[in-house]
Novice: 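Before we start, here is the structure in question, set down as structure tokens.
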Amino acid sequence: ISSHSKISEELYDELEETLITADVGIDSTLAILETLREKVRKVSTNGDPEIIYDLLTDTIDEVMRPAAEEKPLNLGHTPSVILIVGVNGSGKTTTIAKLTYHFLKQNKKVLLAAADTFRAAATEQIVEWGDRLGVQVIQQGHGADPAAVAFDALQSAKARGFDILIVDTAGRLHNKANLMHELEKIYRAMKKQDPEAPHEVFLVLDGTTGQNALQQAKIFQETSGVTGLVITKLDGTAKGGAVIPICRELGIPLRFIGIGEKMEDLEPFDPSAFARALLA
Amino acid sequence: QLTERFESFFKKIRGHGKLSEDNIRDSMREVRRILLEADVNFKVVKDFIGRVQEKALGQEVIKSITPGQQVIKIIHDELIVLLGEGQSRLDLSGLPPIPLMIVGLQGSGKTTFCAKLALHLRRKGKFPLLAAADVYRPAAIDQLKQLGKQLDIPVWAPGQANPVQICKDALVEARKTGRDVVLMDTAGRLHIDQEMMDELVKIREAVKPPEILYVADGMGGQDAVKAALEFAAKLDFNGVVLTKMDGDSKGGAALSIRAVTGKPIRFIGNGEKPDALEEFHPDRMASRILG
Ligand SMILES: Nc1nc2c(ncn2[C@@H]2O[C@H](COP(=O)(O)OP(=O)(O)OP(=O)(O)O)[C@@H](O)[C@H]2O)c(=O)[nH]1
Ligand SMILES: Nc1nc2c(ncn2[C@@H]2O[C@H](COP(=O)(O)OP(=O)(O)OP(=O)(O)O)[C@@H](O)[C@H]2O)c(=O)[nH]1
Ligand SMILES: [Mg+2]
Ligand SMILES: [Mg+2]
């Protein structure tokens, strides 16, 4: 945000460009800038861009914080079940490795379910992560019924007192009705084993995704419910602003941020840090 | 559809009068929104609107009784020009075995595309060899091996840990076994990761591929051009592949990457199966972006 001696329309144009190029999208950008204008009217800024910047980060923080704070993670069960969903290549399997590492550090007993039985070497990939983490992976091999894998994994997790069960699913495009139907079957299979399961459903979004992210969230929300978002690949140059429309319109909280390919590369969502990085 | 959206827009602003210059400028705002919502890059949109507006303010449109139609035609034609003439072919004319490098960001669909391209080339009478040069991602080599097995296409995966060496040895293997094209699957990497980008430069220097294809996710947003530009700067790739176009993303990243790098779009990935590969049609892409 460059130096302006008064709040000119130029500054708002610049902020609009910053937000749109961060993938925040037109509607949310205009709404955020409208809120900013109201804040600016109430505060004597003397045209100081620093103050405008702080008001803007506050505004973004206010959009994202409530959903995250009003609903703490639902993880107090034995086991708490986390279902991982999202479109192809968004980073689901790698995120599961990171979440596992995160929970292991909290001394939780974690079990994984390899319910992507479709893609070439999907099972091998999560089994490899399981080995690196020292965590067991329930699997039934390529072509097995993913709902059966999820069901068996939950049964096993309950019988053996695991704290957390994380279920990996195949990448799927939300506009493919048959694939969304398969996801619904996985969801319902777990409910048969435990009516409260899954306790969390994380939609994993690729940080480089544009405006399609909102549609992804809507359809996954309708199919299996979505209780939280994870956005990946923010170690690149993408800002991940596409989560903002999801937060605004659907009230789904962002929970974690992926910042690399190693098991340690996961951060819990921090609204003000996210807002500042978005504008950087 | 752009046409419906535009027609009703023009009916509303024209009322019973003739179309004014202000009407045209307002319509450009509408086009800007459509393109940004389609994930076309902010600066690309700005330049594009500038050119279209200039044409739209011409006399043909102002005097026309169907100005909406005229403006749509200008937009559509300008988009086609920007997207580039379709049907740009892979250059496989050299002495076999021809090395091809497949590169791009993490998760964009490179490994899947390698299998698709191998099948496509075999159907054209070639004898492809797949080379598994991603030594980082867990089970990446397994993934390519399984895809090769499904298609009955050989995969070079020697258990060597150096991607540059893997690619060099793949050419030797190709010569030995009569394979005339070698498709080199590389690990996904960030354009800002110097070391990993240098690895690609080293592979390129070692095997001198006449074709390097940049594989980009069709759902990419505003950031798509940054990565494409950096890959182009380091590798001067020859063409672009857009994947996951069987989704419902508008695919504006296609326009952005093409406009900013000037590289042709060679293929469209249209599904997860090995036969889900099409050659690029600019007119279809234009309709998708505007639709
Ligand atoms: N730089 C970076 N790469 C990531 C991140 N998360 C995942 N990746 C990479 O993205 C690629 C895809 O990750 P996967 O975990 O296989 O993605 P997925 O969603 O499970 O993919 P499918 O199961 O095929 O749909 C891999 O190369 C990962 O290493 C991240 O936060 N940063
Ligand atoms: N629907 C659809 N899925 C695709 C397409 N291309 C690839 N995929 C899927 O996208 C995911 C990622 O594909 P990969 O081929 O593993 O991607 P990659 O670029 O090799 O990933 P890294 O090696 O980790 O960088 C997989 O689930 C693929 O099946 C496509 O055109 N359409
Ligand atoms: Mg996966
Ligand atoms: Mg790959």
Side-chain angles (χ1 to χ4, degrees), chain A residues 16-27 29 87-94 97 118-132 142 170-176 179 205-213 215-216 219 232-233 235-242 260-261, chain B residues 32-34 36-43 45-46 105-112 115 136-150 187-193 216-227 230 243-244 246-253 256 271-272:
Chain A
E16 182 182 276
E17 178 168 352
T18 300
L19 292 173
I20 290 181
T21 53
D23 286 318
V24 174
I26 292 194
D27 290 339
T29 294
V87 302
N88 307 73
S90 64
K92 298 176 290 302
T93 307
T94 309
F118 169 75
R119 203 207 70 210
T123 301
E124 288 84 336
Q125 184 184 5
I126 192 170
V127 165
E128 165 76 18
W129 276 115
D131 287 346
R132 292 188 192 183
H142 196 264
R172 69 199 67 229
L173 293 179
H174 50 289
N175 59 322
K176 307 235 163 141
L179 297 183
L205 293 165
D206 189 318
T208 65
T209 304
Q211 296 310 295
N212 195 245
Q215 186 63 8
Q216 292 174 24
I219 306 296
T232 62
K233 310 178 194 173
D235 46 320
T237 50
K239 302 290 184 173
E261 302 188 71
Chain B
R32 177 179 180 264
R33 171 180 268 273
I34 291 172
L36 287 175
E37 287 179 348
D39 287 323
V40 183
N41 179 269
F42 191 91
K43 292 211 166 59
V45 173
K46 202 167 180 186
L105 296 174
Q106 289 90 345
S108 62
K110 298 174 291 301
T111 304
T112 308
Y136 308 97
R137 168 174 153 157
I141 296 182
D142 270 330
Q143 185 184 4
L144 194 65
K145 276 173 146 175
Q146 286 185 19
L147 290 173
K149 189 149 177 272
Q150 282 174 29
R189 68 204 65 218
L190 294 178
H191 51 299
I192 54 173
D193 184 337
D217 194 318
M219 306 182 272
Q222 294 289 316
D223 193 61
V225 290
K226 281 211 199 79
E230 189 58 28
T243 62
K244 308 177 201 171
D246 45 324
D248 58 12
S249 149
K250 295 275 165 27
S256 309
E272 291 190 78

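Proteins get letters first, then strands, A, B, ... in listed order; numbering begins at 1 in each.
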Novice: Hey, which of B:Glu230, B:Lys226, B:His191 is the one that makes side-chain hydrogen bond (donor to acceptor under 3.5 Å, both in side chains) with A:Thr237?
Specialist: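 So the option named by the test is B:His191.
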Novice: Is A:Gln211 close to chain B through its backbone or its side chain, or both, or neither, when contacts mean heavy atoms under 4.5 Å?
Specialist: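 Both backbone and side chain.
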Novice: Using non-hydrogen atoms only, which part of B:Leu190 is less than 4.5 Å away from chain A: side chain, backbone, both, or neither?
Specialist: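 Looking at B:Leu190, just its side chain touches chain A.
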Novice: Is chain B contacted by the side chain of A:Lys176, its backbone, both, or neither, given a heavy-atom distance below 4.5 Å?
Specialist: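 Only the side chain of A:Lys176 comes within 4.5 Å of chain B.
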Novice: First locate atom OG1 of A:Thr209, then atom CG of B:Asp39, and finally report the distance between them rounded to the nearest 0.5 Å.
Specialist: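 That separation rounds to 8.5 Å.
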Novice: CG/B:Leu105 to NZ/A:Lys233 distance, rounded to the nearest 0.5 angstrom?
Specialist: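 Those atoms lie 8.0 Å apart.
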Novice: Atom CG in B:Asp248, atom NE2 in A:His174: separation rounded to 0.5 Å?
Specialist: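 Between atom CG of B:Asp248 and atom NE2 of A:His174 there are 3.5 Å.
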Novice: Among the options A:Ile126, A:Thr208, A:Asp23, pick out the one with the most heavy-atom pairs lying under 4.5 Å from chain B.
Specialist: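 Option with the top pair count is A:Asp23.
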Novice: Name the option with the most non-hydrogen atom pairs under 4.5 Å to chain B; the candidates are A:Asp206, A:Asp235, A:Val87, A:Thr94.
Specialist: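 Most pairs with chain B among the choices: A:Asp235.
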Novice: Examine whether an atom of B:Glu272 lies under 4.5 Å from a heavy atom of chain A, and if so say whether it belongs to the side chain, the backbone or both; otherwise answer neither.
Specialist: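 Only the side chain of B:Glu272 comes within 4.5 Å of chain A.
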Novice: So, taking the atom named CG in A:Asn212 and the one named NZ in B:Lys250, what distance separates them when rounded to the nearest 0.5 Å?
Specialist: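 Interatomic distance, A:Asn212 CG to B:Lys250 NZ, rounded to 0.5 Å: 8.5 Å.
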Novice: Rounded to the nearest 0.5 Å, how far apart are CG of B:Asp246 and CG of A:Asn88?
Specialist: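 The distance works out to 7.5 Å.
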